[in-house]
Amino acid sequence: MALKRTILMAAVAATFTLAGCEPKDSSTSGSGGSGTALSGSVNVDGSSTVGPIMAAVAEEFGNANKGVKPTVGISGTGGGFKKLAAGEIDIADASRPISEKEIKLLADKGIEFIELPIAFDGLSVVVHPKNNFLDDITVEELKKIWEPTSTVKTWDQVRAGFPREEIKLYGAGTDSGTFDYFTLAINGKEKASRSTYQASEDDNTLVQGVAGDEFSLGYFGYAYFEENKNKLKLLKVNGVAPSPETIASGTYQPLSRPLLIYVNKKSLETKPAVRAMVEFLLTNGSEMIPSVGYVPLPAEDYAVVRERLDKMVTGTVFHGAETGIRIKDLLNRESVNK
């Protein structure tokens with residue numbers, strides 16, 4: 001499956017529509033072998049981190065099903081859950097687990113959801129390529145920079161011997177799941193962060209910011225570093241750099257995390273194209289996900305996720321906000337519906 005990461009990453013910078021072209025092969029159409037052509041829409045929105053994955057899925061699935069119109073938008077994880085609750089989308093992309101508040105919002109609207117882990121990510125801490133004084137940063141130093149009460153303004157306040165130059169900070173916007181996960185992992189509480197930094201839900205904006213300032217520091221999903229590695233310098237955190245191997249094994253901690261989709265149960269029951277597209281993702285994810293810079297689940301985990309879909313298991317397996325959790329452990333938990 002030839003996917004162009006550069007095209008995909010540019011495409012997900014804004015809401016877009018991928019209309020299906022002529023099918024490449026009827027065996028990939030998602031029609032379940034019945035010979036019945038799929039039609040209709042599949043509406044996806046949410047996390048900018050998960051966006052490239054769903055863009056890849058939409059492109060390939062649309063190519064194989066000319067009657068289906070997949071759309072993928074980016075409004076942040078929180079924005080995606082709001083649209084799911086409003087009945088505007090079939091699938092919400094999320095770079096962190098659903099919160100109790102969001103579960104209640106969906107329940108109040110009578111919407112049941114199926115929670116499906118689809119990939120791994122490692123939040124990447126980056127600096128400008130000309131930064132020659134920092135290769136490895138500690139969690140304690142990141143907390144010193146990012147905690148709500150931080151008074152850090154210059155690099156020499158982070159570590160003795162660093163230059164007395166102002167740190168220009170770039171990070172996720174407050175409606176982003178990346179923001180929630182980073183603040184939990186580094187500061188110990190979701191949304192606990194200093195406010196004096198350049199924030200955006202668009203990771204490409206953050207890439208441009210860090211790449212444009214020699215004394216900058218920022219964080220975002222691993223795929224956005226991979227796509228822009230010639231413009232950025234990747235830091236180790238507590239001696240470990242994010243990579244497909246360290247992210248998948250969980251040794252890159254505490255910034256490794258699962259990426260998820262939340263599917264409206266009613267959409268699965270009433271819109272064959274939605275179910276077919278989700279099945280297409282779970283069947284082809286191990287090939288497609290690396291092409292956009294993320295880490296696929298092990299094959300045995302995809303099989304368990306597929307079983308969760310087939311059984312239409314609703315609710316969440318997360319116990320609130322958590323970090324450092326393995327997918328195989330999560331999938332053995334009972335779902336919680338609130």
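We count residues from 1, following the sequence as given. Quantities reported herein were computed from a predicted structural model and do not represent experimental measurements.
For residues 230-250, the pairs satisfying salt bridge (Lys or Arg N to Asp or Glu O under 4.0 Å) are D135-K233, with sequence neighbours left out. Identified under the salt bridge (Lys or Arg N to Asp or Glu O under 4.0 Å) test for residues 151-162, with sequence neighbours left out: E141-R159, D156-R164. Among residues at least two apart or in separate chains, salt bridge (Lys or Arg N to Asp or Glu O under 4.0 Å) pairs with a member in residues 176-187 are R96-D180, D180-K191.
Taking the side chain as every heavy atom from C-beta outward, V125 and L255 approach each other to under 4.5 Å. A heavy-atom distance below 4.5 Å is not found between the side chains of V304 and R308. Using a 4.5 Å cut-off on side-chain heavy atoms (C-beta onward), T154 and E165 make no contact. Contact annotation: the side chain of M288 never approaches that of L281 to less than 4.5 Å [non-hydrogen atoms, C-beta and beyond]. Proximity of I91 to V42: side-chain heavy atoms (C-beta onward) are separated by under 4.5 Å at one or more points. Residues F215 and N131 have side chains not in contact (no heavy-atom distance under 4.5 Å, counting atoms from C-beta outward). For the pair V44 and M277, the minimum side-chain heavy-atom distance is below 4.5 Å.
A salt bridge does not link K104 to E100: none of the charged nitrogens lies less than 4.0 Å from a carboxylate oxygen. Under a 4.0 Å N-O distance rule, the pair E307/K311 qualifies as a salt bridge. The pair R194-E147 does not meet the salt-bridge criterion, since no charged nitrogen lies less than 4.0 angstrom from a carboxylate oxygen. Note on E226 versus K229: salt bridge recorded, some NZ/NE/NH1/NH2 to OD/OE distance being below 4.0 Å.
In this structure, the separation between CG on L259 and CZ on F120 is 9.5 Å, given to the nearest 0.5 Å. L184 CG to R257 CZ: the interatomic distance, rounded to the nearest 0.5 Å, is 11.5 Å. Between the OG atom of S200 and the CZ atom of F220 there is a distance of 11.5 Å, given to the nearest 0.5 Å. Residue S124 holds its OG atom at 9.5 Å from CG of L232, rounded to the nearest 0.5 Å. Taken from CD1 in I89 to CG in L84, the straight-line distance is 5.0 Å, to the nearest 0.5 Å.
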Working for side-chain contact (heavy atoms from CB on, under 4.5 Å), residues L206 and Y197: CA-CA 11 Å; L206 303 179; Y197 72 99; over 6 Å; no
Verdict with supporting geometry, L38 and F61, side-chain contact (heavy atoms from CB on, under 4.5 Å): CA-CA 11 Å; L38 289 167; F61 183 74; 3.9 Å; yes
Audit row: D93, I74, side-chain contact (heavy atoms from CB on, under 4.5 Å) steps and yes/no: CA-CA 9 Å; D93 298 336; I74 291 175; over 6 Å; no
Test log, rule side-chain contact (heavy atoms from CB on, under 4.5 Å), inputs Y170 and Y219: CA-CA 7 Å; Y170 297 86; Y219 68 88; over 6 Å; no
Stepwise side chain to side chain donor-acceptor pair (under 3.5 Å) check, T138 with N238: CA-CA 5 Å; T138 67; N238 283 358; 4.8 Å; no
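Nearest heavy atoms, F179 versus G173: CB-O, 3.1 Å. The minimum heavy-atom distance linking V210 with V127 is given by the pair CG1-C, 3.7 Å. Here the closest non-hydrogen pair linking V68 and S39 is CG2-N, 3.9 Å. Here the closest non-hydrogen pair linking S47 and V50 is OG-N, 3.1 Å. In terms of heavy-atom proximity, P148 sits nearest to A192 at CG-C, 3.6 Å. Counting all heavy atoms, side chain and backbone alike, F133 lies closest to F162 at O-CE1, 3.3 Å.
Residues S75 and D45 have side chains that bring a donor and an acceptor to within less than 3.5 angstrom of each other. For the 3.5 Å distance criterion, the side chains of T77 and S95 qualify, holding a donor opposite an acceptor. Defined by atom type and a distance below 3.5 Å, a donor-acceptor pair is present between the side-chain atoms of T49 and T178. Side-chain contact check for T205 and Q208: no donor-acceptor pair (N or O, by modelled atom type) lies under 3.5 Å. For E115 and T316, the side-chain atoms include at least one donor-acceptor pair closer than 3.5 Å.
For Q198, the CD atom counts as loosely surrounded, since its 6.0 Å shell holds 12 or fewer non-hydrogen atoms of other residues, nucleotides or ligands.
Each of K83, K266, K271 was checked for a side-chain hydrogen bond (donor to acceptor under 3.5 Å, both in side chains) with D90, and the lone residue meeting it is K271. Results of the side chain to side chain contact (heavy atoms under 4.5 Å, CB included) test with F280 over V278, L282, N284 single out N284 as the only residue that passes. Under the side chain to side chain contact (heavy atoms under 4.5 Å, CB included) test applied with I118, the options I261, V57, L260 reduce to a single match, I261.
Formation of a donor-acceptor pair under 3.5 Å by the E201 side chain with backbone atoms of A172 is not found in this model. Not a single donor-acceptor pair under 3.5 Å links the side chain of Y252 to the backbone N or O of P244. Remark: the backbone N or O of S193 is not paired with any side-chain donor or acceptor of T183 at under 3.5 angstrom. Of the possible donor and acceptor atoms, none in the side chain of D301 sits under 3.5 Å from a partner among the backbone N and O of L297. Looking only at distances, a side-chain donor or acceptor of S216 sits under 3.5 Å from a matching main-chain atom of D213.
Aromatic ring centres of Y294 and Y222 lie farther apart than the 6.0 Å criterion allows.
In the hydrophobic clustering of this structure, L105 does not group with I111; members are Ile, Leu, Val, Met, Phe, Trp, Tyr whose side-chain heavy atoms approach within less than 4.5 Å, directly or through other members.
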